Amino acid sequence: DVAATGRREIAAARKLGLPVSVHSGGKRNGALAASGLLGEDVQIVHATGATPAELAAFRQAGSALSLTPVTEQRVGYGLTVLDDYAAVGRIGLGIDGTALAGSADLFANMRLLALTASGAGKKETAVAPRRILELATIEAARSIGMDDQIGSITPGKRADLILLDPGALNMALAGDADPYALIVYSATPANVDTVIVDGVVLKRGGRLLGVDVPRVMKEARASIDAILERAGAPR
(Lines give C-alpha, C1' and ligand atoms only; values in the text may rest on other atoms or scores of the structure.)
Protein backbone atom coordinates (compact mmCIF):
# COMPACT_ATOMS: atom_id res chain seq x y z
CA ASP A 1 0.00 0.00 0.00
CA VAL A 2 0.95 3.67 -0.18
CA ALA A 3 2.00 3.90 3.48
CA ALA A 4 4.25 0.86 3.21
CA THR A 5 5.84 2.20 0.04
CA GLY A 6 6.46 5.53 1.76
CA ARG A 7 8.12 3.84 4.71
CA ARG A 8 10.43 1.86 2.43
CA GLU A 9 11.37 4.97 0.45
CA ILE A 10 12.10 7.04 3.56
CA ALA A 11 14.09 4.20 5.11
CA ALA A 12 16.16 3.92 1.92
CA ALA A 13 16.76 7.67 1.83
CA ARG A 14 17.92 7.71 5.43
CA LYS A 15 20.21 4.77 4.84
CA LEU A 16 21.86 6.81 2.08
CA GLY A 17 21.94 9.96 4.21
CA LEU A 18 19.58 11.80 1.88
CA PRO A 19 17.03 14.44 2.89
CA VAL A 20 13.35 13.61 2.45
CA SER A 21 10.67 15.78 0.83
CA VAL A 22 7.00 14.88 1.28
CA HIS A 23 4.04 16.66 -0.33
CA SER A 24 1.10 16.79 2.03
CA GLY A 25 -2.21 18.56 2.50
CA GLY A 26 -5.71 18.07 3.85
CA LYS A 27 -6.31 14.68 5.47
CA ARG A 28 -2.77 13.60 4.61
CA ASN A 29 -1.43 16.01 7.22
CA GLY A 30 -2.96 13.98 10.03
CA ALA A 31 -1.64 10.70 8.67
CA LEU A 32 1.81 12.21 8.26
CA ALA A 33 1.82 13.65 11.77
CA ALA A 34 0.92 10.23 13.20
CA SER A 35 3.20 8.20 10.93
CA GLY A 36 6.31 8.20 13.10
CA LEU A 37 8.31 9.02 9.97
CA LEU A 38 8.96 12.69 10.63
CA GLY A 39 12.33 14.05 11.66
CA GLU A 40 14.77 16.89 11.11
CA ASP A 41 15.64 15.44 7.70
CA VAL A 42 12.04 15.73 6.45
CA GLN A 43 10.71 18.73 4.56
CA ILE A 44 6.93 18.91 4.20
CA VAL A 45 5.70 20.71 1.09
CA HIS A 46 2.37 22.60 1.36
CA ALA A 47 0.77 21.23 4.57
CA THR A 48 -2.30 23.12 3.39
CA GLY A 49 -5.19 22.95 5.83
CA ALA A 50 -3.06 21.57 8.66
CA THR A 51 -4.62 21.94 12.10
CA PRO A 52 -2.75 23.61 15.00
CA ALA A 53 -2.16 20.15 16.49
CA GLU A 54 -0.69 18.85 13.23
CA LEU A 55 1.56 21.90 12.84
CA ALA A 56 2.71 21.41 16.43
CA ALA A 57 3.52 17.77 15.64
CA PHE A 58 5.58 18.83 12.63
CA ARG A 59 7.52 21.28 14.79
CA GLN A 60 8.02 18.79 17.62
CA ALA A 61 9.50 16.32 15.13
CA GLY A 62 11.89 19.01 13.91
CA SER A 63 10.56 18.83 10.36
CA ALA A 64 10.63 21.81 8.00
CA LEU A 65 7.93 23.28 5.77
CA SER A 66 8.09 24.58 2.21
CA LEU A 67 5.34 26.93 1.08
CA THR A 68 4.66 27.19 -2.66
CA PRO A 69 1.86 29.77 -2.95
CA VAL A 70 1.59 29.86 -6.75
CA THR A 71 0.84 26.16 -7.10
CA GLU A 72 -1.13 25.91 -3.86
CA GLN A 73 -3.53 28.59 -5.02
CA ARG A 74 -3.59 27.44 -8.63
CA VAL A 75 -4.93 23.99 -7.77
CA GLY A 76 -7.40 25.35 -5.23
CA TYR A 77 -5.76 24.21 -2.01
CA GLY A 78 -6.68 27.55 -0.49
CA LEU A 79 -4.90 30.81 0.26
CA THR A 80 -1.30 30.48 1.47
CA VAL A 81 -1.31 32.78 4.51
CA LEU A 82 2.12 32.88 6.12
CA ASP A 83 0.84 33.40 9.67
CA ASP A 84 -1.17 30.16 9.47
CA TYR A 85 2.08 28.17 9.46
CA ALA A 86 4.16 30.12 11.97
CA ALA A 87 3.92 27.30 14.51
CA VAL A 88 6.15 25.05 12.39
CA GLY A 89 9.22 27.20 12.93
CA ARG A 90 11.42 26.13 10.02
CA ILE A 91 9.69 27.54 6.94
CA GLY A 92 11.10 28.15 3.47
CA LEU A 93 9.60 29.42 0.23
CA GLY A 94 9.64 27.17 -2.83
CA ILE A 95 8.27 26.71 -6.33
CA ASP A 96 6.91 23.12 -6.35
CA GLY A 97 6.98 22.05 -10.02
CA THR A 98 6.91 24.03 -13.23
CA ALA A 99 4.07 21.88 -14.62
CA LEU A 100 1.81 23.61 -12.09
CA ALA A 101 3.70 26.83 -11.38
CA GLY A 102 4.09 27.64 -15.08
CA SER A 103 7.71 28.61 -14.60
CA ALA A 104 10.48 28.46 -12.00
CA ASP A 105 9.77 32.04 -10.92
CA LEU A 106 10.59 32.55 -7.26
CA PHE A 107 9.91 36.27 -7.61
CA ALA A 108 6.26 35.46 -8.38
CA ASN A 109 6.05 33.26 -5.29
CA MET A 110 7.57 35.96 -3.08
CA ARG A 111 5.11 38.53 -4.40
CA LEU A 112 2.07 36.29 -4.02
CA LEU A 113 3.02 35.30 -0.47
CA ALA A 114 3.42 38.95 0.50
CA LEU A 115 0.18 40.06 -1.17
CA THR A 116 -1.82 37.22 0.35
CA ALA A 117 -0.55 38.11 3.82
CA SER A 118 -1.57 41.73 3.28
CA GLY A 119 -4.98 40.78 1.90
CA ALA A 120 -5.73 38.26 4.64
CA GLY A 121 -4.64 40.64 7.39
CA LYS A 122 -6.22 43.67 5.70
CA LYS A 123 -2.95 45.45 6.38
CA GLU A 124 -0.42 46.55 3.79
CA THR A 125 2.49 46.02 6.19
CA ALA A 126 1.34 42.61 7.43
CA VAL A 127 4.71 41.09 6.57
CA ALA A 128 7.99 42.91 5.96
CA PRO A 129 9.51 42.51 2.46
CA ARG A 130 12.85 41.60 4.08
CA ARG A 131 11.13 38.67 5.80
CA ILE A 132 9.77 37.46 2.46
CA LEU A 133 13.26 37.63 0.94
CA GLU A 134 14.65 35.70 3.92
CA LEU A 135 12.09 32.96 3.34
CA ALA A 136 13.30 32.64 -0.26
CA THR A 137 17.00 32.57 0.69
CA ILE A 138 18.42 31.76 4.13
CA GLU A 139 15.19 30.26 5.49
CA ALA A 140 14.75 28.12 2.37
CA ALA A 141 18.32 26.87 2.87
CA ARG A 142 17.55 26.15 6.52
CA SER A 143 14.41 24.23 5.56
CA ILE A 144 16.53 21.76 3.58
CA GLY A 145 19.29 21.62 6.19
CA MET A 146 21.86 23.45 4.06
CA ASP A 147 22.01 26.86 5.73
CA ASP A 148 25.63 26.19 6.69
CA GLN A 149 26.51 26.07 2.97
CA ILE A 150 24.08 28.34 1.11
CA GLY A 151 21.38 30.95 1.64
CA SER A 152 23.44 33.98 2.61
CA ILE A 153 26.60 35.81 1.57
CA THR A 154 28.88 34.59 4.33
CA PRO A 155 32.61 33.73 4.42
CA GLY A 156 33.04 29.98 4.11
CA LYS A 157 29.74 29.36 2.33
CA ARG A 158 29.39 28.51 -1.34
CA ALA A 159 29.57 31.46 -3.70
CA ASP A 160 25.91 31.31 -4.77
CA LEU A 161 24.84 34.74 -6.00
CA ILE A 162 21.97 36.23 -8.00
CA LEU A 163 22.70 39.76 -9.22
CA LEU A 164 19.86 42.01 -10.38
CA ASP A 165 20.16 44.90 -12.83
CA PRO A 166 19.14 48.05 -10.91
CA GLY A 167 19.09 50.06 -14.14
CA ALA A 168 15.95 48.41 -15.49
CA LEU A 169 12.82 50.58 -15.70
CA ASN A 170 10.89 48.48 -13.17
CA MET A 171 13.81 48.55 -10.72
CA ALA A 172 14.28 52.32 -10.53
CA LEU A 173 14.99 53.12 -6.88
CA ALA A 174 13.22 56.32 -5.88
CA GLY A 175 14.70 58.25 -2.97
CA ASP A 176 14.98 56.13 0.15
CA ALA A 177 12.73 53.34 -1.18
CA ASP A 178 13.14 49.97 0.55
CA PRO A 179 15.37 47.77 -1.66
CA TYR A 180 13.75 44.64 -0.18
CA ALA A 181 10.32 45.90 -1.25
CA LEU A 182 11.72 46.57 -4.71
CA ILE A 183 12.85 42.95 -5.03
CA VAL A 184 9.65 41.45 -3.64
CA TYR A 185 7.10 43.66 -5.40
CA SER A 186 8.86 44.75 -8.61
CA ALA A 187 11.59 42.33 -9.69
CA THR A 188 11.08 39.57 -12.28
CA PRO A 189 13.42 36.93 -13.74
CA ALA A 190 14.12 39.37 -16.59
CA ASN A 191 16.00 41.54 -14.09
CA VAL A 192 18.51 38.80 -13.29
CA ASP A 193 21.77 39.91 -14.87
CA THR A 194 24.23 37.40 -13.39
CA VAL A 195 23.98 34.02 -11.66
CA ILE A 196 26.90 32.39 -9.87
CA VAL A 197 26.56 28.89 -8.42
CA ASP A 198 29.31 27.57 -6.18
CA GLY A 199 31.69 30.11 -7.73
CA VAL A 200 30.85 29.22 -11.33
CA VAL A 201 29.26 31.93 -13.49
CA LEU A 202 26.21 30.44 -15.24
CA LYS A 203 24.59 33.64 -16.45
CA ARG A 204 26.12 37.00 -17.34
CA GLY A 205 24.60 40.07 -18.93
CA GLY A 206 21.20 38.38 -18.88
CA ARG A 207 22.41 35.45 -21.02
CA LEU A 208 22.94 31.83 -20.03
CA LEU A 209 26.49 30.60 -20.49
CA GLY A 210 27.37 27.18 -21.85
CA VAL A 211 23.74 26.21 -22.50
CA ASP A 212 22.53 25.27 -25.96
CA VAL A 213 18.90 26.33 -25.48
CA PRO A 214 17.59 24.98 -28.83
CA ARG A 215 19.15 21.58 -28.07
CA VAL A 216 17.72 21.54 -24.55
CA MET A 217 14.27 22.37 -25.95
CA LYS A 218 14.57 19.63 -28.55
CA GLU A 219 15.60 17.06 -25.93
CA ALA A 220 12.76 18.17 -23.62
CA ARG A 221 10.17 17.75 -26.37
CA ALA A 222 11.56 14.32 -27.24
CA SER A 223 11.39 13.29 -23.60
CA ILE A 224 7.78 14.46 -23.27
CA ASP A 225 6.79 12.63 -26.45
CA ALA A 226 8.41 9.44 -25.15
CA ILE A 227 6.55 9.70 -21.83
CA LEU A 228 3.22 10.24 -23.59
CA GLU A 229 3.90 7.26 -25.85
CA ARG A 230 4.72 4.98 -22.92
CA ALA A 231 1.59 6.19 -21.11
CA GLY A 232 -0.56 5.40 -24.15
CA ALA A 233 -1.79 8.96 -24.37
CA PRO A 234 -3.71 9.90 -27.54
CA ARG A 235 -1.53 11.76 -30.03
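Everything quoted here is computed from the prediction, not taken from an experiment. FYI, the numbering just counts along the sequence from 1.
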inquiry  = Walk me through whether Leu209 and Leu202 qualify under side chain to side chain contact (heavy atoms under 4.5 Å, CB included).
reply    = CA-CA 5 Å; Leu209 303 180; Leu202 300 181; 5.9 Å; no

ask   = Is there a side chain to side chain contact (heavy atoms under 4.5 Å, CB included) between Val45 and Val22 once you walk through the steps?
value = CA-CA 6 Å; Val45 184; Val22 179; over 6 Å; no

inquiry  = side chain to side chain contact (heavy atoms under 4.5 Å, CB included) for Phe58 and Ile44? Distances and angles first, verdict last.
reply    = CA-CA 9 Å; Phe58 297 158; Ile44 303 163; 3.5 Å; yes

request  = Dump the intermediate steps for side chain to side chain donor-acceptor pair (under 3.5 Å) on His46 and Thr68, then the final yes or no.
outcome  = CA-CA 7 Å; His46 311 308; Thr68 65; 3.2 Å; yes

Stepwise side chain to side chain contact (heavy atoms under 4.5 Å, CB included) check, Asn109 with Leu113 = CA-CA 6 Å; Asn109 279 274; Leu113 187 66; over 6 Å; no

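Proximity of a side-chain donor or acceptor of Arg14 to a complementary backbone N or O of Val20 within less than 3.5 Å is not detected. Checking side-chain atoms of Glu54 against main-chain N and O of Thr51 turns up a donor-acceptor pair under 3.5 Å. Looking only at distances, a side-chain donor or acceptor of Arg59 sits under 3.5 Å from a matching main-chain atom of Ala87. Panel note: side chain Arg90, backbone Arg142; a donor-acceptor pair is recorded below 3.5 Å. Distance alone, capped at 3.5 Å, is enough to place a donor-acceptor pair between the Ser143 side chain and the Ala140 backbone. The main-chain N or O of Tyr185 is found under 3.5 Å from a side-chain atom of Arg111 such that the two form a donor-acceptor pair.
Of all heavy-atom pairs spanning Ala33 and Leu38, the tightest one is CA-CD1, 4.0 Å. The shortest non-hydrogen separation linking Ala172 to Leu182 is O-CD1, 4.1 Å. Contact record, Ser186 with Asn170: O-ND2, 2.9 Å, taken as the closest heavy-atom pair. Contact detail for Leu164 and Ala187: the closest heavy-atom pair is CD1-CB, 4.2 Å. Residues Asp178 and Pro129 approach most closely at OD2-CG, 4.0 Å, considering heavy atoms. What you find for Ala50 and Leu55 is that their closest heavy atoms are CB-CD2, 3.6 Å.
Annotation for Glu124: atom CD does not count as buried by contact number, only 12 or fewer foreign heavy atoms lying within 6.0 Å. At most 12 heavy atoms of other shown residues, nucleotides or ligands fall within 6.0 angstrom of atom CG in Leu169. Taking a 6.0 Å sphere around CD of Glu40, one finds it holds 12 or fewer heavy atoms contributed by other residues, nucleotides or ligands.
The distance from atom CZ of Arg28 to atom OG1 of Thr48, rounded to the nearest 0.5 Å, is 11.0 Å. Here the CG atom belonging to Leu133 is positioned 11.0 Å from the CD atom belonging to Glu139, to the nearest 0.5 angstrom. To the nearest 0.5 Å, atom NE2 of residue His23 and atom CD of residue Gln43 are 8.0 Å apart. Taken from CD1 in Ile224 to CD in Glu229, the straight-line distance is 14.0 Å, to the nearest 0.5 Å. Distance check, rounded to the nearest 0.5 Å: CG of Leu37 to OG of Ser63 gives 10.0 Å. Here OG1 of Thr116 is found 10.0 Å from CG of Leu82. Values are rounded to the nearest 0.5 Å.
Taking 4.5 Å as the limit, every side-chain heavy atom of Ile144 sits out of range of all side-chain heavy atoms of Pro19. For the pair Ile150/Lys157, no side-chain contact is recorded, criterion being any heavy-atom separation below 4.5 Å from C-beta on. At least one side-chain heavy atom of Leu93 sits under 4.5 Å from a side-chain heavy atom of Met110. Side-chain contact check for Asn191 versus Phe107: every heavy-atom pair is 4.5 Å or farther apart. With contacts defined as side-chain heavy-atom distances shorter than 4.5 Å, the pair Leu106/Ile95 qualifies.
Criterion: ILVMFWY side-chain heavy atoms under 4.5 Å apart, direct or through other members. Under it, Ile10 and Leu65 are part of a common hydrophobic cluster. Residues Leu115 and Val127 share a hydrophobic cluster, clusters being chains of Ile/Leu/Val/Met/Phe/Trp/Tyr side chains in contact below 4.5 Å. Note on Val184 and Met171: same hydrophobic cluster, where clusters join Ile, Leu, Val, Met, Phe, Trp and Tyr whose side-chain heavy atoms are under 4.5 Å apart, directly or indirectly. Val200 and Val195 fall within the same hydrophobic cluster, where Ile, Leu, Val, Met, Phe, Trp and Tyr residues are linked whenever their side-chain heavy atoms come under 4.5 Å apart, directly or through other members. The same ILVMFWY cluster, assembled from side-chain heavy atoms under 4.5 Å apart, contains both Val197 and Val192.
The hydrophobic cluster containing Val211, built from Ile/Leu/Val/Met/Phe/Trp/Tyr side-chain heavy atoms closer than 4.5 Å, also comprises Leu208, Val213, Val216, Met217.
By the ring-ring contact (aromatic ring centres under 6.0 Å, His included) test, Tyr85 is found to be paired with no residue, residues two or more places apart in sequence or in another chain being considered.
A donor and an acceptor atom, one from each side chain of Thr80 and Glu72, are located under 3.5 Å apart. A donor atom on one side chain and an acceptor atom on the other are found under 3.5 Å apart for Ser24 and Asn29.
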